[in-house]
Amino acid sequence: MIFSSLLFADLPVFMKQAHAAGLTEGTKLVFPAAGWQHTLMKKEFTPEGMLFGHNTLYFANPKNSATAREFVAWYGEKFKDYPEWEADRAYFAVESYKQAIEKAMKAKNGSWPSQNDVIEAMVGLEVESLGGKGGWRKDKIADQTFVQGFTTHKNKYDFVTLAEPFDTMYSANLQKPPGANFWEWIKTAKFNI
Amino acid sequence: MMASLLTIKHWKGKFAKVAGINPDYSYGRNNMAGRI
């Protein structure tokens, strides 16, 4: 098994070379961040059955909201490409900020809020982002929805997509709680898989 | 974390060796230690 956090331009370069060297044959591949380069992960060198992470936005998710579908279509028309999770992170940040402003202004009877007012208004906020549900914990760490699954070549693109069914998990069920030490928490954490 | 969980879910008992490739990005450090 190969377990890798590769996500920059080195990822498709590695995959091409790994394929050419025969490394991908018979090897289980786990690439949690591969979705950042998803349209460069061409079928000719990216095998089926690879555990592939799309982080917080999978462009071809059949459960995508109307807003997400509209965005993917617009992105495709404008850039001749398909968006990955950075688009969701940008949307999530701006939408969170917008909603926090609105919440803080309401609390101040319409007056423009201070930076601290906005920060406090974000705590506990829940946002419907491009990739699904998201929110802000009391320690100001974000929670978001993550998508991972196994690759398939059975699609209309020249790159791999996810075979269905794939897995979706909310980060509240994945990351350590506020204030916890990761290495202590992981010793006894329970996960529902 | 999710990838680790799904690896166990789908491939528990089906692999003998794990090779980690984790470049020194700002993201990725300690990932292997956390996963293994």
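Letters go in sequence order (proteins before strands), and every chain restarts at 1.
At a 4.5 Å heavy-atom cutoff, the contact between B:Lys9 and chain A is made by backbone and side-chain atoms alike. Residue contact with chain B, scored on non-hydrogen atoms closer than 4.5 Å, involves the backbone of A:Leu29 exclusively. At a 4.5 Å heavy-atom cutoff, the contact between A:Phe146 and chain B is made by backbone and side-chain atoms alike. Using a 4.5 Å cut-off between heavy atoms, A:Phe8 contacts chain B through both its backbone and its side chain.
Smallest separation of non-hydrogen atoms from B:Pro23 and A:Asp10: CG-OD2, 4.1 Å. Between A:Phe3 and B:Ala3, the closest heavy-atom pair is CZ-CB, 4.0 Å. Heavy atoms only, all atoms of each residue included: B:Met2 and A:Asp167 are closest at CE-O, 3.4 Å. Nearest heavy atoms, A:Leu174 versus B:Met1: O-CG, 3.3 Å.
For the options A:Phe150, A:Phe52, A:Phe31, heavy-atom pairs under 4.5 Å to chain B are most numerous at A:Phe150.
Both A:Tyr157 and A:Phe166 are members of a single hydrophobic cluster when ILVMFWY side chains are connected at heavy-atom separations under 4.5 Å. Residues A:Leu125 and A:Val94 do not share a hydrophobic cluster, defined by chaining ILVMFWY side chains whose heavy atoms lie under 4.5 Å apart.
In this structure the side chain of B:Ile8 never reaches within 4.5 angstrom of the side chain of A:Phe191, judged on heavy atoms.
Heavy atoms from other residues, nucleotides or ligands lying under 6.0 Å from CD of A:Glu48 number more than 12. Around NZ of A:Lys106, the count of heavy atoms belonging to other residues, nucleotides or ligands within 6.0 Å does not exceed 12. Applying the 6.0 Å contact sphere to NZ of A:Lys80 captures more than 12 heavy atoms from other residues, nucleotides or ligands.
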